[in-house]
Every structure is written in structure tokens, then in C-alpha cells.
Number of protein chains: 2
Amino acid sequence: MPKETFFNLPEEKRQQILNVAIDEFATNTYAQASVNRIVEKAGIAKGSFYQYFKSKKDLFLYLMQVIGEEKMTYLAPTLQNIHQYDFFTCLREIYAAGIRFATQYPKYAEIGKKLLASKDTPIFEELVDQNLPVASQLFQELLHQAIQRGEIRPDIDINLIAYLIASINTTLLEYYTENINQEFDEKILNTVEKFIDLLRNGIGTK
Amino acid sequence: MPKETFFNLPEEKRQQILNVAIDEFATNTYAQASVNRIVEKAGIAKGSFYQYFKSKKDLFLYLMQVIGEEKMTYLAPTLQNIHQYDFFTCLREIYAAGIRFATQYPKYAEIGKKLLASKDTPIFEELVDQNLPVASQLFQELLHQAIQRGEIRPDIDINLIAYLIASINTTLLEYYTENINQEFDEKILNTVEKFIDLLRNGIGTK
DNA sequence: TGGTCATATGACCAGGTGGTCATATTGTAT
DNA sequence: ATACAATATGACCACCTGGTCATATGACCA
């Protein structure tokens, strides 16, 4: 958590610092991101930075919290109605929410991607420790319920499929940020639809 | 390319240096890997390193070449008989070859994974420039042929599915290195089979 | 005016990085 | 034994890193 000094800052300056930090972490890994560059771009003294944050890690963890909360506002509506829909509808909604989030905050998505790409680094462990519900676990639960309701073949490997579905989320995002920049939601969601169809005919009851 | 001096080295010493380097790049990203650590662990002087290699990049690119060649010997048999089998058999063979390779040389696989995880870094561009045939392109071609032979629904999005299939390769590998260390080939290949089944019922002609 | 307190500052630190280079050591051919 | 080239060496370089700290600034209050 940032120090009180940071929250006492005028709104404008605080946002400026956060924006610069977001840029830095969206462009570089946690390890490669540089406090020196951040203070330079933000136009503050090195010493000031350490009046606001305990450390580079402190800033990053705070950023992750902000991003996480923001993402939750996108996911919450879906997660609340999760029992009203069948598995594939849920899945589509979750993917769609993720894509809307990434479209709205591409830099946040980039930071998340960079983080996932750098597992096995200390900062990653620290984050999942305090942020237990990894995506894959959510999908495992959904799959389990879907099987009980007879929506999905009971002979699938839940762990594997959940892992696959979770990673496809990232992959779909990557695919679109690489191949089709700035396209409209419609076309993106159309692709999600295609993928869900593929998945349904694969693991759904016929 | 390493300097001639490196290749004049006695076999044993040369291998020792390579092994240490492989360890270093399997444990760290290219950016995080340290020449200082390498020379220390290899028991050679810093100056000697730069008698053998033009730079850190020189060593890494050479390593990638060695790894690439090694992987090709695993893939070559499959790629040669590529026209004799249907799409899904080809796919299974390619996945299987990849998994056998990763089982045999887990450190090579780790280096490859680290590299893929750090796209958008200069070294990555440099590598794909001289190493054109990215996996996804191979799958695109296979899909195209399979559609012409009527093995696959013609209405799929080839780009997307190829990208998905390519990335699943990495994902499957990750899944197994994370969840089931040191299992026997049989079980791993069993999972590949499951996944291919899933894919077939999704995009195959019924 | 003087005192107090939160904040701002940048020189500085120890420790790392990739890379260089003058010098020392070795092997070999004469 | 001598000469010459190939190789080995580690002190050194400039530059970077995250983090510290004594000092300066300025706002508010008495």
C-alpha cells in the first residue's frame, strides 16, 4: 500500500504518477520496469517517489489491486447471474467481459499479460498468494456444475479443459491485439462465438 | 556465431560452457540472464568469454540455433510424411514430437517458453527474422490442405484456428510441466489424444 | 515573527550490468 | 633457447539498478 503522503497529493498529480507507472509496467516486465524512468517521466524527484511508495513492489502491487478491482466491475454482473445460464453462455459472457475490459483498458490488459508471462518470478507468487481465485479454478467449478447438469460429457479431464479454457482467454486476447488492432466489439465477439461453438461440439452432450 | 577460438576449445570445456549457458537461459529471461554468472559458474575469466563470443546476444543466438536444429530432428520424420496422413493424425504427430522433445530436453523447452513469453523484446524480432516459419504458418497450411481434402469444415477461420492450435502446443506443455512432473510419455500422449478428439469433433466434418 | 510539520529534493550508496584491454601465460615451430 | 602467435586473465569502464537521507521548501498556526 502506498503511504498516506501519496493519497494526500492533489488528484491531478496522483493520476499523473499512476498513468506514468501504468505506461512503464505495460511496456516492461516488473523486473525491467525502472523507478528512475518513472520519476523522470512523472517529473518528480527520486526521493519523492519513496515518500509515496515503500518500494517499487509497493507501487506494482497497488497497481495490480486497482486493475483487479476495475476488472471485477466488468466481471461482477456475469458472475452474479452465473447460475441462471448454461455453461457455454456463462463462458461466452466471461470471455466477452474480459475482451470488453481489455478493449477499454488495453494497458491494464498488457500489464496482466506481462505478469502471466513471468510466472516463476517472486512477485508472481506474492500476488497469487493474496489473490487466490486464479481463473482456472473458476472454470473448474463451472465445468463441474455443468457436468452434473448434464450439459457436458462427464468423461472429460476437468483440470486439463479448465486450464485450456483459461489459457484460451489470454490467447484470444493476444490474437486480437496482434492481428486486428482496434476492431469493433462486434467482430471480436463474433470470434468468441465461433470458438465457443467449437468447444461446444467438442465437449458438449450431443 | 561464436568466434573460431570457441570451436578450437577442447570438447569438454566447450560443452561445459554451453551447459552452464543453457542453465542460465533456462532459469532467466534473455534480459535477466547474466554473463557474469555464466563465466563464474563455468569457471572461466570474463575476458575469455569475450574471446569465445562477440556478445551475450551472440551466445544466445547460437544456443537457439543448436536448440532449433535439435528440435528439427524430432520434427523431421513427421514433416516428411505429412501428406500421407489426415490432418488430425499429422497434428497428433506434431504435438507428440514436441512433447517428446520437451521431455528429452526440458531445459531447451524452458528456454523456448521464456523466449515466447518475451515477445516484443528486440531479441525476439531478430530471431523470427532469420527463422521465418513460425509454427502458426505451418498449421495454416495444414488446415488449408485439410479443407480441400474435405477433412475439415470449410467455414472455419483458418487464421484463428491455426493460432489457437499453435498456442495450445505451448499450453499443453506448460500444463504438464506444471501439474505432472516426470510422468511417462504414455499418459501425456493420452492427453494429446483427448485434446485432438475435442478438436476433431469441433472442426472436423461429421 | 518564529515555530512546527508535511512534503520535496537530488546527491549519494552499494551492487549489479555488458563489454574492453593491456598484460600474462601457454603451446608450438624453429 | 628463441620467437611468435593463440589464448587466458581480471582489473577496469560507463552506465544502470532500487533505495537512502540530510537538507531545503513552503504552508499553516501562534
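Treat the numbers as computed from the prediction; the structure is a model and nothing was measured. Order of the sequence lines fixes the chain letters, A, B, ..., with proteins taken first and strands second; residue numbering starts at 1 for each chain.
In this structure, E40(A) atom CD and dC16(D) atom C1' are separated by 13 Å, rounded to whole Å. A straight line from CG of L9(B) to C1' of dG27(C) spans 14 Å, rounded to a whole angstrom. What separates CD of Q32(B) from P of dC16(D) is a distance of 19 Å, to the nearest Å. We find that CD of E4(A) is positioned 15 Å from P of dC5(C), with the value rounded to whole Å. As a whole-Å value, the separation of I44(B) CD1 from dT9(D) C1' is 11 Å. If you measure from atom CG of D58(B) to atom P of dG18(C), you get 14 Å, rounded to the nearest angstrom. One can place CG of L59(A) at 11 Å from P of dG19(D), the figure rounded to the nearest angstrom. I38(A) places its CD1 atom 11 Å from the P atom of dT17(D), with the value rounded to the nearest Å.
A close approach under 4.0 Å does not occur between any side-chain nitrogen or oxygen of T5(A) and OP1 or OP2 of dA6(C). Remark: S34(A) is in phosphate contact with dG18(D), judged by side-chain N or O atoms under 4.0 Å from OP1 or OP2. Contact annotation: Y50(A) side-chain N/O to dT20(D) OP1/OP2 distance is not under 4.0 Å. Checking the phosphate oxygens (OP1, OP2) of dG18(C), no side-chain nitrogen or oxygen of K54(B) falls inside 4.0 Å. For N8(B), a side-chain nitrogen or oxygen approaches OP1 or OP2 of dT7(D) to under 4.0 Å. Between Y52(A) and dA8(C) there is a side-chain N or O to OP1 or OP2 distance below 4.0 Å.
Nearer to the 5' terminus of DNA chain D, by closest-nucleotide assignment, is the contact made by N36(A) (compared with the other of N36(A) and S48(A)).
Residues E151(A) and Q145(A) are not in side-chain contact: their nearest non-hydrogen atoms beyond the backbone lie 4.5 Å or more apart.
Partner assigned to dA30(D) is dT1(C), using Watson-Crick or G-U wobble distances below 3.5 angstrom. Judged by Watson-Crick or G-U wobble contacts below 3.5 Å, the nucleotide dA11(C) has dT20(D) as its partner.
Ring orientation note: the planes of F60(A) and Y30(A) are tilted relative to one another, at an angle of 30° to 60°. By the 30° and 60° cut-offs, the orientation of the rings of F139(B) relative to Y95(B) is perpendicular. The aromatic rings of Y108(B) and Y105(B) lie parallel to each other, with less than 30° between the two planes, well short of the 60° mark.
Separating the CD1 atom in I152(B) from the CD1 atom in I158(B) is a distance of 8.5 Å, to the nearest 0.5 Å.
Evaluation of atom-type donor-acceptor distances gives a pair under 3.5 Å for the side chain of K46(A) against the base of dG19(D).
Within 4.0 Å (heavy atoms only), K13(A) reaches sugar-phosphate atoms of the nucleic acid but no base atom. Nucleic acid contact class of A33(A) (heavy atoms, under 4.0 Å, all strands): sugar-phosphate only.
Nearest to the side chain of R37(A), among dA8(D), dG18(D), dT17(D), sits dT17(D).
Between V20(B) and the options R37(B), K41(B), E40(B), a side chain to side chain contact (heavy atoms under 4.5 Å, CB included) holds for only K41(B).
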